[in-house]
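Below is one structure, written out as structure tokens, with a few remarks after it.
If you're wondering where the values come from, they're calculated on a predicted model, not measured in any experiment. Just follow the structure's listing: the first ligand is 1, and inside any ligand the first atom is 1.
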Amino acid sequence: MKRIAILGSTGSIGRSTLSVAESYPDRFQIVALAAGGNLEAAFEQARRWHPRMLSMAAEPDADVLRKRLKQAGLSEIEVVHSTSGTVRVATHPDADFVVSAIVGVAGLEATYEAVKAGKTVGVANKECLVAAGELITAEARRQGKPLLPIDSEHNAVHQCLRGGRMDEVERIWLTASGGPFLNMPRSEFSSITVEQALNHPTWKMGKRITIDSATLMNKGFEVIEACRLFHLPPAKVEVLVHPQSTIHSMVEFIDGSILAQFSVTDMRLPILYALTYPERIQSDMRFPVGNLRHLDFCPPDMNKFPCLRIAYEAAEAGGAKTVALNAADEAAVAAFLEGSIGFNDIPRIIEDAVSASNTGKLESIAKVLEADAEARRYAQERILEITKRTGRPQVTCVVSG
Ligand code: MG
């Protein structure tokens, strides 16, 4: 029986993880959950799963939940809150596997603490690896525990890497659906609406990652995530647009062999893989191979999607550059979702914030969070300038999935 803690239980990956656990009641037990601000969903999860501990993002929500659980006869569930609550869930003594799925840098400290506490961590939160990947992977190595990618591309790479040794890897090919604007002329980008950007062609995901997919920043983050997870330089991680999203990624070996992984586009599969690694177990997620007709591939257009270029540059430069990349993107995407800035402003704000940040090595999570706050302040100033100039609504943005 694997005992699981989920960071981000009410989000898209969190719910998929619970759905996997539901299908294998004799294999997985849910021992601790960290929810965000969705009180109703947190209450329902507490009632269904009876975790030993549940954390809410805000203290008032924790108070309300505690009362409701008491009324429901579930007062044995310990309710905690804030970052310290998330850390307690991540390091819960009864958990041996932690799913890190809080969107954004909010899950950073808890993910690091989970690794430090010797848990096996399934990483769905790519921002953790973008901002603090070197610290997190170094700690996992020290602990002798694997970091198992849940992001579909990296999960695919992880599977393909079982076909050879790391020193036999020529390069990694990360596939990208290209997002909803793959075929839209760049001249029309300035009038892209929030609704258009939220309409992803193949995957149903949280709001931030859907916008990040539309700008290709998500793929930029994934390049950095791959560098960190598999200890490869950015030059060995290539992106390939593949609109069908059938091939989830590939690994090319030095002899010229290329291994690809494909399966249904359902996040429950990478989650199941991570939860059961190094085993594979029976599932009903079948890909109809006989229906496969054609697969299209083309290189990404970095002029049309500057976010991807900026991500490669940040990955090469290192230091606080990738922290700033993530922080500025989080702020810019939130501002776009609120209608404060246009679609084309997103890469502009990010590029400015990345240029303004440093390249020196960040030695601790505290330093990472400092650099994050600084980049966020910088991005907010730029957003404010834009709203003043354009007369769009001014909103102070806090991001959620
Ligand atoms: Mg992905």
Distance-only side-chain donor-acceptor flag, [X] / [Y], under 3.5 Å:
| X | Y | answer |
| --- | --- | --- |
| Gln159 | Arg280 | yes |
| Ser190 | Glu188 | no |
| Tyr273 | His158 | yes |
| His231 | Arg141 | yes |

Protein N, O or S atoms lying under 2.8 Å from the Mg ion (ligand 1), listed by chain and number: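 You should have found Asp151 OD1, Glu153 OE1, Glu222 OE2.
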All side chain to side chain donor-acceptor pair (under 3.5 Å) counterparts of Glu316, not counting sequence neighbours: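 Applying side chain to side chain donor-acceptor pair (under 3.5 Å) to Glu316 gives none.
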Criterion side-chain hydrogen bond (donor to acceptor under 3.5 Å, both in side chains) on His248 and Gln261, from CA distance to verdict: CA-CA 6 Å; His248 295 147; Gln261 187 268 349; 3.1 Å; yes
